[in-house]
Amino acid sequence: MANNLLQGKTGVIFGALDEQSIAWKVAERCYEEGARLVLTNAPAALRFGDINELAKKLSAPVIPADATSSEDMENLFKGAVEHFGGGIDFVLHSIGMSLNVRKAREYADINYEWMHKTFDISAISFHRVMQTLMKQDAMNEWGSIAALTYIAAQRVFPDYSEMAESKALLESFARSFGYHFGTKKKVRVNTVSQSPTMTTAGSGVKGFTEFFDYAGKMSPLGNASAEACANYCVFLFSDLSRMVTMQNLFHDGGFSSMGMNPAVLGL
Ligand code: NAI
């Protein structure tokens, strides 16, 4: 159901790899709501992902950019502003990758070079995105920036490994940059803490299927789907959420407020 909530708005969406990606669903919903989009992903992801298929469907150009490269970020936002013929109203950061998780390295035996790389890709990239946008003055007033995060930033989920610290850093960047972007340009910055979701990044975590079932049982409303997350992002990018900023917003069917749910014990 479309309500033209993003009619006339322009947005840049990071992280649509394939149809399972949360960013894919967000891009589809934003388009349905009337937004014009620019899609972006790492050059490598363009080779093995399906982003060009999405781009065709949404009449959106794809500008390849590695989120760890300042030069790529500069080209990306310059290209987006040129394409839109004006500023950007919203940006979704939907990027996550852990080298230690991918290479099955235990948390208490971590490789620090990989950890640095993980932080660079999954968290510092968010600062880089916002710093580039601010330096180029590419955001329109009352714009909205959001990044996807996970509750492992606050609670222990052992197999999430160094991604927990990545997400804590990401959420902190949202608060700190939210101050600067808010005072300078009335731009809001938030993180959305999403339920476990069956995607390439999600299912890379050990025991993900079992954990997905557990989280679904713990949450009174069940796990929030990628489609539901897309709806929430539309709200955050729309004028309905203008005064919400510097928040970590749980979108998790109630999981974050639960201690125990009898359903988990089969009672
Ligand atoms: P996904 O695998 O579809 O998306 C991750 C994206 O990050 C991919 O498109 C990948 O190409 C991109 N990426 C990796 N390195 C990059 C780089 N250097 N530059 C630019 N892009 C790069 O998986 P998903 O689940 O849609 O992930 C999106 C976001 O949602 C991530 O931040 C993830 O941590 C977060 N999230 C996912 C949950 C899940 O259970 N799937 C739960 C809560 C948050």
Side-chain angles (χ1 to χ4, degrees), residues 12-28 39-52 54 62-73 75-76 91-99 101-102 116-126 128-129 146-155 157 159-171 173-174 191-209 211-216 219 223-230 232-233 248-253 255-256:
V12 175
I13 299 205
F14 284 84
L17 179 67
D18 55 33
E19 223 182 326
Q20 310 323 314
S21 299
I22 299 169
W24 186 288
K25 309 289 183 197
V26 177
E28 285 184 326
L39 303 176
T40 181
N41 210 324
L46 260 62
R47 287 196 294 277
F48 58 83
D50 307 323
I51 195 171
N52 288 321
L54 180 68
V62 179
I63 305 181
D66 183 331
T68 63
S69 156
S70 293
E71 198 187 335
D72 282 10
M73 290 304 99
N75 291 336
L76 165 65
V91 174
L92 177 74
H93 178 288
S94 183
I95 300 172
M97 216 276 284
S98 160
L99 273 84
V101 169
R102 187 187 265 189
H116 275 287
K117 192 75 192 151
T118 299
F119 288 177
D120 201 15
I121 294 171
S122 307
I124 298 170
S125 60
F126 192 39
R128 200 182 300 279
V129 161
L148 293 176
T149 186
Y150 187 55
I151 192 178
Q154 289 83 28
R155 306 274 152 81
F157 294 81
D159 292 324
Y160 206 64
S161 187
E162 63 190 359
M163 278 305 286
E165 286 76 28
S166 272
K167 292 306 194 192
L169 187 56
L170 181 87
E171 292 172 17
F173 283 142
T191 47
V192 174
S193 190
Q194 163 67 7
S195 288
T197 315
M198 289 288 180
T199 62
T200 304
S203 37
V205 177
K206 196 167 98 194
F208 188 75
T209 311
F211 176 67
F212 181 86
D213 291 343
Y214 161 78
S219 315
N223 286 324
S225 66
E227 288 80 1
C229 187
Y232 195 50
C233 289
N248 181 43
L249 304 160
F250 287 101
H251 182 261
D252 65 356
F255 181 90
S256 47

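All ligand and atom numbering here is 1-based and tracks the order in the structure. Note that the structure is predicted; figures quoted are calculated from it, not measured.
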Heavy atoms only: give me the nearest [X]-[Y] pair and the separation to one decimal.
{"X": "Leu54", "Y": "Ala16", "answer": "CD2-CB, 3.8 Å"}
{"X": "Met163", "Y": "Gly96", "answer": "CE-CA, 4.2 Å"}
{"X": "Gln194", "Y": "Ala226", "answer": "NE2-N, 4.2 Å"}

I'd like to check which ligand 1 atoms, numbered from 1 as shown, lie under 4.0 Å from a non-hydrogen atom of [X].
{"X": "Ala45", "value": "11 (O)"}
{"X": "Thr149", "value": "43 (C), 44 (C)"}
{"X": "Gly96", "value": "7 (O), 31 (C), 32 (O)"}
{"X": "Pro196", "value": "40 (O)"}
{"X": "Asp66", "value": "17 (C), 18 (N), 19 (N)"}
{"X": "Ala67", "value": "17 (C), 18 (N), 19 (N), 20 (C)"}

- Can you name the one residue among Val91, Val26, Leu92 that meets side chain to side chain contact (heavy atoms under 4.5 Å, CB included) with Phe14? Val91

Could you find the nearest protein heavy atom to [atom] and give me its residue, atom name and distance?
{"atom": "atom 40 (O) of ligand 1", "result": "Thr197 N, 2.7 Å"}
{"atom": "atom 33 (C) of ligand 1", "result": "Lys167 NZ, 3.8 Å"}
{"atom": "atom 37 (C) of ligand 1", "result": "Ile22 CD1, 4.0 Å"}
{"atom": "atom 6 (C) of ligand 1", "result": "Ser94 O, 3.5 Å"}
{"atom": "atom 8 (C) of ligand 1", "result": "Gly15 O, 3.8 Å"}
{"atom": "atom 42 (C) of ligand 1", "result": "Ser195 O, 3.4 Å"}
{"atom": "atom 22 (C) of ligand 1", "result": "Ile95 CG2, 3.6 Å"}
{"atom": "atom 25 (O) of ligand 1", "result": "Thr199 OG1, 2.4 Å"}

Under 3.5 Å, is there a donor on one side chain and an acceptor on the other for [X] and [Y]?
{"X": "Arg128", "Y": "Thr68", "result": "no"}
{"X": "Thr199", "Y": "Gln20", "result": "no"}
{"X": "Glu171", "Y": "Thr149", "result": "yes"}
{"X": "Asn223", "Y": "Thr197", "result": "no"}
{"X": "Asn248", "Y": "Thr191", "result": "yes"}
{"X": "Ser193", "Y": "His251", "result": "no"}

Under 3.5 Å between some N or O of ligand 1 and some N or O of [X]?
{"X": "Ser21", "result": "yes"}
{"X": "Gln194", "result": "no"}
{"X": "Phe208", "result": "no"}
{"X": "Thr68", "result": "no"}
{"X": "Met97", "result": "no"}

Evaluating non-hydrogen atoms only, which member of [options] is closest to [atom]?
{"atom": "atom 15 (N) of ligand 1", "options": "Asp18, Leu76, Ile121", "result": "Ile121"}
{"atom": "atom 10 (C) of ligand 1", "options": "Leu148, Asn41, Leu170", "result": "Asn41"}
{"atom": "atom 2 (O) of ligand 1", "options": "Cys229, Gly49, Ala224, Ala201", "result": "Ala201"}

- What orientation do Phe211 and Phe255 show, parallel under 30°, tilted 30 to 60°, or perpendicular over 60°? perpendicular

Tell me whether [X] contacts the main-chain N or O of [Y] through its side chain, where contact means a donor paired with an acceptor under 3.5 Å.
{"X": "Thr40", "Y": "Ile63", "value": "yes"}
{"X": "Lys25", "Y": "Glu19", "value": "yes"}
{"X": "Asp72", "Y": "Ala65", "value": "no"}

- For Gln20 and ligand 1, answer yes if some heavy atom of the residue is under 4.0 Å from a ligand atom, otherwise no. no

